[in-house]
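Structure first, commentary second.
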Amino acid sequence: MLLLTTLLVAIAFKLSSINLMAVGNVQARTGSVAAAEKVIEEFISGEPGTAEFDGGTVAHVDINLDEVIDYVVEVPPPKCVRARRASSASASSVTLEGFSAAGAWNTRWEINALAIDEATGARVKVLHARRYVLTEAEKNALCH
């Protein structure tokens, strides 16, 4: 009976250790994704054709605000993956000053971010797609 109890305790300890490691992995991944999302949200406020947007970025993120860098997030230059001429029929009666739909292009950009957890070495890649409306000249210069 003592042998069975010892075996049962050993198995329970091993299972709880495995569960604890799994929870730690999920927490590390969730934190990395949150850091990548934070940097991407700041990054996409820029526009194609600007140095900040076209050059990508490397950001150091303190996710828990303890003044220690938790994650390094690398965002390479975004890629224009699709460009389609915008419809000349306006879906709205409101027109934007200085903008004509006739020469506009709907472009789709892929923005990647690689978040690296400094403490655990966990690496998570996050991909966002974002649409920007460009003029034909901007589209020709930026979408290759």
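Because the structure is predicted, anything quoted here is derived from the model rather than measured.
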For this session: Specify the closest pair of heavy atoms between Thr107 and Lys139, including all atoms of both residues, with the distance to one decimal.
Result: CG2-CG, 4.1 Å
Problem set entry | Donor-acceptor under 3.5 Å (Ser32 side chain, Arg123 main chain) | no
Problem set entry | Heavy-atom pair with the smallest gap, counting every atom of Glu138 and Thr135 | OE1-N, 2.9 Å
For this session: To the nearest 0.5 Å, tell me how far Arg84 CZ sits from Arg108 CZ.
Result: 10.0 Å
Problem set entry | Any pair counted as ring pair (Phe, Tyr, Trp, His ring centres under 6.0 Å), so long as it reaches residues 17-45, sequence neighbours left out | Phe43-Phe53
For this session: Check each of Asp66, Leu65, Asn64 against Val68 using the side-chain contact (heavy atoms from CB on, under 4.5 Å) test, and report the only one that passes.
Result: Asp66
Problem set entry | Any donor-acceptor pair under 3.5 Å from Asp62 side chain to Glu67 backbone | yes
Problem set entry | Nearest heavy-atom neighbours spanning Cys80 and Leu142 | CB-O, 4.3 Å
Exercise. Does any non-hydrogen side-chain atom of His128 lie less than 4.5 Å from one of Ile44?
Worked result: no
For this session: Indicate if Val39 and Ile63 have the same hydrophobic cluster label, given that clusters are the connected sets of ILVMFWY residues with side-chain heavy-atom separations under 4.5 angstrom.
Result: yes
For this session: Would you check if the side chain of Asp117 reaches a backbone N or O of Ala28 as a donor-acceptor pair within less than 3.5 Å?
Result: no
Problem set entry | Separation of Glu74 CD from Ile116 CD1 (nearest 0.5 Å) | 4.5 Å
Problem set entry | Separation between OG of Ser16 and CE of Met21, rounded to the nearest 0.5 Å | 9.5 Å
Exercise. Can you tell me how far CG of Asn106 sits from CZ of Arg85, rounded to the nearest 0.5 angstrom?
Worked result: 11.0 Å
For this session: Find the distance between CG (Leu7) and CG (Leu2) and round it off to the nearest 0.5 Å.
Result: 11.5 Å
Exercise. Going through the distances and angles, do Val33 and Tyr71 end up as a side chain to side chain contact (heavy atoms under 4.5 Å, CB included)?
Worked result: CA-CA 10 Å; Val33 168; Tyr71 302 93; over 6 Å; no
Exercise. Residues in side-chain hydrogen bond (donor to acceptor under 3.5 Å, both in side chains) with Thr30, at least two apart?
Worked result: none
Exercise. Roughly how far, to the nearest 0.5 Å, is the CD atom of Glu47 from the CG atom of Asp54?
Worked result: 11.0 Å
Problem set entry | Candidate pair Ile40 and Arg130, rule side chain to side chain contact (heavy atoms under 4.5 Å, CB included), full reasoning | CA-CA 11 Å; Ile40 287 175; Arg130 169 85 186 218; over 6 Å; no
